[in-house]
Amino acid sequence: FVLASFDGDLFQGLNLVVSLFDEESLHTMAAARSDNRLFFILYLLVVVCFYLFLFRRWVAAARLRASRGLEFANRVPLRALSALEVRALRVFMASSAVTDALPACRPMRSCRGNEKQADA
C-alpha cells in the first residue's frame, strides 16, 4: 500500500522540476532577446550619429577645400601663363568631378581678357 501510494510522486516531482526549468529558460531567453534588441538599437543609433555628425562634417570640409582650390585656380594670373598652360589648367578643372558637385566660382576681371588668348 505505501509503495503504491507514492508511485506517482516521483513523476509529479520530476514534472514540476522540468516545468520550473522551462519557465526559467523561457524567462532567460526573453531577457536575452530584449538585451539583444537594445544593443542593436544602440548600434544603429551610433551608426546614424557617426554618419550625421562625423561623415557629413568631413565631406563638407573636403568640399570647402575643393572650392578653395577652385577659387585659387581662378585667381591665378593667367597672363603669366602661356596659352597652352591656360588651356591645360582649364581642361583639368573642367574634367574634375569636384566641379560638378560645387557651385561655379566667378572668374576675376583679370581672367576675362585671357579667355580670348586661351581660346586662340
Side-chain angles (χ1 to χ4, degrees):
F1 174 75
V2 172
L3 288 176
S5 66
F6 291 111
D7 190 28
D9 287 346
L10 178 65
F11 293 113
Q12 288 175 356
L14 284 177
N15 193 14
L16 285 174
V17 169
V18 168
S19 66
L20 283 173
F21 180 74
D22 286 341
E23 287 176 15
E24 287 295 320
S25 64
L26 287 175
H27 176 70
T28 304
M29 289 302 290
R33 225 179 269 135
S34 67
D35 289 345
N36 193 17
R37 284 186 194 142
L38 177 69
F39 289 142
F40 184 69
I41 289 169
L42 288 175
Y43 170 75
L44 289 178
L45 287 175
V46 166
V47 168
V48 167
C49 289
F50 171 77
Y51 173 73
L52 288 177
F53 296 119
L54 297 177
F55 182 73
R56 289 177 55 123
R57 183 177 178 185
W58 285 108
V59 167
R63 287 186 176 187
L64 179 66
R65 294 256 182 185
S67 68
R68 286 182 182 168
L70 289 174
E71 287 177 14
F72 174 76
N74 283 333
R75 290 182 185 165
V76 170
L78 297 180
R79 293 187 180 137
L81 301 175
S82 69
L84 184 63
E85 291 171 335
V86 169
R87 192 174 297 121
L89 182 64
R90 290 192 180 191
V91 166
F92 174 75
M93 287 298 173
S95 67
S96 175
V98 175
T99 57
D100 297 336
L102 296 173
C105 298
R106 292 179 295 173
M108 296 177 60
R109 277 189 208 160
S110 62
C111 299
R112 289 184 186 161
N114 259 352
E115 290 174 359
K116 295 174 190 172
Q117 181 185 16
D119 292 334

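Being a predicted model, the structure only gives us computed values, none of them experimental.
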How would you list, by chain and number, every residue that makes a side chain to side chain contact (heavy atoms under 4.5 Å, CB included) with [X], sequence neighbours excluded?
{"X": "R65", "value": "none"}
{"X": "F53", "value": "C49"}
{"X": "I41", "value": "L45"}
{"X": "L44", "value": "F40"}

Give every donor-acceptor pair under 3.5 Å between a side-chain atom in residues 18-31 and any protein atom, sequence neighbours left out.
{"residue": "S19", "atom": "OG", "partner": "N15", "partner atom": "O", "Å": "3.3"}
{"residue": "S19", "atom": "OG", "partner": "L16", "partner atom": "O", "Å": "2.8"}
{"residue": "S25", "atom": "OG", "partner": "F21", "partner atom": "O", "Å": "3.2"}
{"residue": "S25", "atom": "OG", "partner": "D22", "partner atom": "O", "Å": "2.8"}
{"residue": "T28", "atom": "OG1", "partner": "E24", "partner atom": "O", "Å": "2.8"}

Review point. Are L38 and V47 in one and the same hydrophobic cluster, where Ile, Leu, Val, Met, Phe, Trp and Tyr link if side-chain heavy atoms are under 4.5 Å apart?
Key: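 L38 and V47: separate clusters.
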**Study point:** Results of ring-ring contact (aromatic ring centres under 6.0 Å, His included) for F50 - residues two or more places apart only
**Key:**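 Expected list: none.
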